[in-house]
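These notes concern the structure reproduced below.
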Amino acid sequence: MIDLKALRENPQRFIDGAAKKNYAPDIDTLLKLDEQRRSLMSEQETLKAAQNKLSKETGPKIGQLMGKLKSANDDEKAAIQGEVDAIKAAPAKMKEQITALDAQIAQLEPKLNEILLSIPLPPDDDVPVGKGSEDNVEISKWAPEGWDWGKSFEQNKGFKPRTHIELCAMHNLVDFPRGVKIAGSRSYVLTGDGMRLHQAILRYAIDTMTNENGFTPMSVPVLVREEAMVGTGFFPGGRDQAYHINESERGGGYDMFLTGTGEVGLMGLHQDEILDEAQLPLKYVTVSTCFRREAGAAGKDTAGLYRIHQFDKVEQVIIDVADEQKSRQHHKDMMGFVENLLKSLGLPHRLLQCCTGDLGVKNADMIDIECWMPGRGEEAPDGTPMGEFGETHSASRLYDYQCRRLNMRYRPGGENGKGPTTFCHSLNNTVAASPRILIPLLEMYQNEDGSVTIPEKLVPYMNGQTKIG
RNA sequence: GGAGCGGUGGCAGAGCGGUUGAAUGCGCCGGAUUCGAAAUCCGGUUCGGCUUUCGGGUCGACGGGGGUUCGAAUCCCCCCUGCUCCGCCA
């Protein structure tokens, strides 16, 4: 959520920011509603102040009179009762007016909140302006020694690549038909070494983050309440993408949603809390099953492990003080952890600066990391795929947008005493999402005979096994 | 699923219809004491909205939402949530 005060002061900044992201929230209406609400509120407050003043005077008086009433004789009783009734009647008009104003204010609020929640965080000025993913900008590229970006897979390795789908079939790593039988399209079953490799990469990723990078591992819910989805910024915008468990319809008090990323659970941890500055930054990592409806992606990436409804992901988040420089540094650090991981696995990849049109509501800045997938992309005349980058990671910098929604704050406790409570900054980034990461892993490590070498770092996690097939 | 008891400031924990934004303790901040520190003593310390001549003013909030009342943390209703016992399952 953006800061309503900041919006009032400089609406243009938010109008422009939204436009850059291809959003067009009705900011004019919001400002009008906000104006109306404030004017009604101050009118109401004046009345309430008068009412409070009055009741402060009459309260003790009534108390006294009621006391007298008990010990009074019949003649006095009538007089005292009359006095009490008169006092009681006084605030009646005010009360009516206040109630009426209440109703008017309540009427404005749903629309106001709806628009407020939908206003995107303006992108940072150094984020390139663009329409969509086609305008993203490559900022760096890495490949292990011996890999020449100017050459095809075949020229690099001396044989034609098989796609991960072929490799999976060859070694019984995935059973697609049975996955579909059980759970419908975009479903799959990891089998044997496929499942082992999946577990190996996840475990390797979480161990690295925990043991080398100082993150605290967590297990968090993946079945959450709507508040967690709204708080983390996925709702209302991304409602279509989440599976909805309709518990209220069967007598439960509220509905539940399946999370599309561990970020929801991790960020929800400190919802409504005031954190001690000394505890910050908080660095959390989780591995969780992620669920995505992939609404609107019909017909896209239908084959293989690329776009599926359910997968497992190791996710990192950092929560820290509201300091732009620190946020920027964390962002770099988090990408560094991923790059080191990919380098240790020998996977060619690049960093992509996402343009404004590709950011989504909650990001000020986002950098995707894409791995080279030799089995993707267009086919050469002889039917050999030419390879293509595929998104495997996404690193977001959110400022206080998410923490404001989550009401997650800290007390700045510098030497000069305590400042006002302040919303934290948050960031998140993928560490490893599998089985998607198995695509580059299998395709880059395939041998001419179709066997697949296990990356050195994963061998310990495969019980010493060095090869599939 | 049945029965019972709870949810109060950063934390613990009183208050259970009358001025109470809330005793007390811990923590935290400032001061005194001390060569310095600990201990002790004194003072301060909830969060948010609106407004402001930046001194302040004002409203709201005791899990959430409604209601009763001149007046609600306190009474009533619904919801969320925690704990204990019983049942069921593992």
Side-chain angles (χ1 to χ4, degrees), chain A residues 1-9 30-31 33-70 80-110 112-113 116 221 223-228 230-231 247-257 268-280 282 400 403-424:
Chain A
M1 181 162 58
I2 56 114
D3 183 0
L4 186 53
K5 247 186 237 169
L7 177 75
R8 260 182 231 138
E9 280 163 21
L30 176 64
L31 289 171
L33 290 171
D34 175 51
E35 179 62 41
Q36 282 175 37
R37 179 171 66 166
R38 279 185 298 155
S39 120
L40 290 170
M41 273 174 63
S42 66
E43 191 183 335
Q44 191 190 36
E45 275 181 21
T46 313
L47 286 168
K48 279 185 177 171
Q51 190 189 38
N52 284 346
K53 202 177 159 200
L54 192 66
S55 80
K56 239 170 212 167
E57 287 163 10
T58 58
K61 206 181 272 176
I62 291 175
Q64 274 177 12
L65 291 171
M66 295 307 275
K68 269 193 204 165
L69 200 57
K70 277 180 197 159
I80 294 169
Q81 191 60 54
E83 205 176 329
V84 169
D85 290 346
I87 293 171
K88 283 185 181 178
K93 290 159 285 170
M94 266 187 236
K95 211 181 157 185
E96 256 172 53
Q97 286 175 290
I98 289 169
T99 312
L101 286 166
D102 249 344
Q104 288 183 55
I105 292 167
Q107 211 188 340
L108 301 177
E109 274 180 341
L112 195 153
N113 289 331
L116 185 60
L223 182 63
V224 304
R225 311 170 66 131
E226 185 160 8
E227 288 76 17
V230 174
E247 278 296 290
S248 56
E249 215 163 67
R250 43 186 330 216
Y254 49 89
D255 288 352
M256 303 289 279
F257 296 86
L269 281 169
H270 298 289
Q271 178 159 10
D272 290 320
E273 290 184 26
I274 299 177
L275 302 165
D276 192 343
E277 190 179 16
Q279 306 174 245
L280 303 175
L282 296 170
D400 65 358
C403 293
R404 189 178 289 277
R405 286 183 173 225
L406 287 164
N407 193 29
M408 190 192 302
R409 294 163 295 170
Y410 70 100
R411 268 180 224 292
E415 286 112 56
N416 307 330
K418 307 221 163 187
T421 55
T422 307
F423 292 108
C424 300

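Just so we're on the same page: letters track the sequence lines, and every chain starts at 1. Below, all heavy atoms of this structure are taken into account, side chains as well, without hydrogens, waters or symmetry copies.
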Return the 5'-most residue of the pair A:R409, A:A49 with respect to RNA chain B, ranking by each residue's nearest nucleotide.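 The residue closer to the strand's 5' end, by nearest nucleotide, is A:R409.
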Find the distance [X]:[atom1] to [N]:[atom2] and express it as a whole number of Å.
| X | N | atom1 | atom2 | answer |
| --- | --- | --- | --- | --- |
| A:E277 | B:C29 | CD | P | 13 Å |
| A:E109 | B:G60 | CD | C1' | 12 Å |
| A:M1 | B:G48 | CE | C1' | 12 Å |
| A:L101 | B:G60 | CG | P | 13 Å |
| A:E9 | B:U51 | CD | P | 10 Å |
| A:L275 | B:C11 | CG | P | 11 Å |
| A:Y254 | B:G63 | OH | C1' | 14 Å |
| A:K48 | B:A61 | NZ | C1' | 11 Å |

For A:R8, answer base if it contacts any base atom (sugar-phosphate contacts may also be present), sugar-phosphate if it contacts only those atoms, and nothing otherwise; contact means non-hydrogen atoms under 4.0 Å.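 Sugar-phosphate, no base atom in range.
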Can you tell me how far [atom1] in [N] sits from the matching atom in [M], rounded to whole Å?
| N | M | atom1 | answer |
| --- | --- | --- | --- |
| B:A14 | B:G71 | P | 30 Å |
| B:A61 | B:A72 | P | 9 Å |
| B:G17 | B:C76 | P | 11 Å |
| B:U81 | B:U24 | C1' | 27 Å |
| B:U53 | B:C62 | C1' | 36 Å |
| B:C26 | B:U40 | P | 8 Å |
| B:A23 | B:G9 | C1' | 13 Å |
| B:U74 | B:C16 | C1' | 4 Å |

Going from CZ on A:R38 to CD on A:E45, what distance comes out if it is rounded to the nearest 0.5 angstrom?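 So the CZ of A:R38 and the CD of A:E45 are separated by 12.0 Å.
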Euclidean distance, A:E109 CD relative to A:L116 CG, rounded to 0.5 Å: 11.0 Å
Find the partner of [N]: check Watson-Crick (N1-N3 plus N6-O4 or O6-N4) and G-U wobble (N1-O2, O6-N3) distances, both under 3.5 Å, and reply none if neither fits.
| N | value |
| --- | --- |
| B:G71 | none |
| B:U20 | none |
| B:G6 | B:U81 |
| B:A61 | B:U46 |
| B:U40 | B:A32 |

Checking one value: the base orientation of B:G55, syn if chi is within 90 degrees of 0, otherwise anti. syn
Side-chain N or O of [X] closer than 4.0 Å to phosphate OP1/OP2 of [N]:
| X | N | result |
| --- | --- | --- |
| A:R225 | B:C80 | no |
| A:R38 | B:C59 | no |
| A:S42 | B:C59 | no |

Please tell me if the side chains of [X] and [Y] come closer than 4.5 Å, counting only heavy atoms from C-beta onward.
| X | Y | result |
| --- | --- | --- |
| A:D255 | A:E226 | no |
| A:L282 | A:L269 | no |
| A:E43 | A:Q104 | no |
| A:L406 | A:H270 | no |

Heavy-atom donor-acceptor pair, A:Q44 side chain to A:I98 backbone, under 3.5 Å: yes
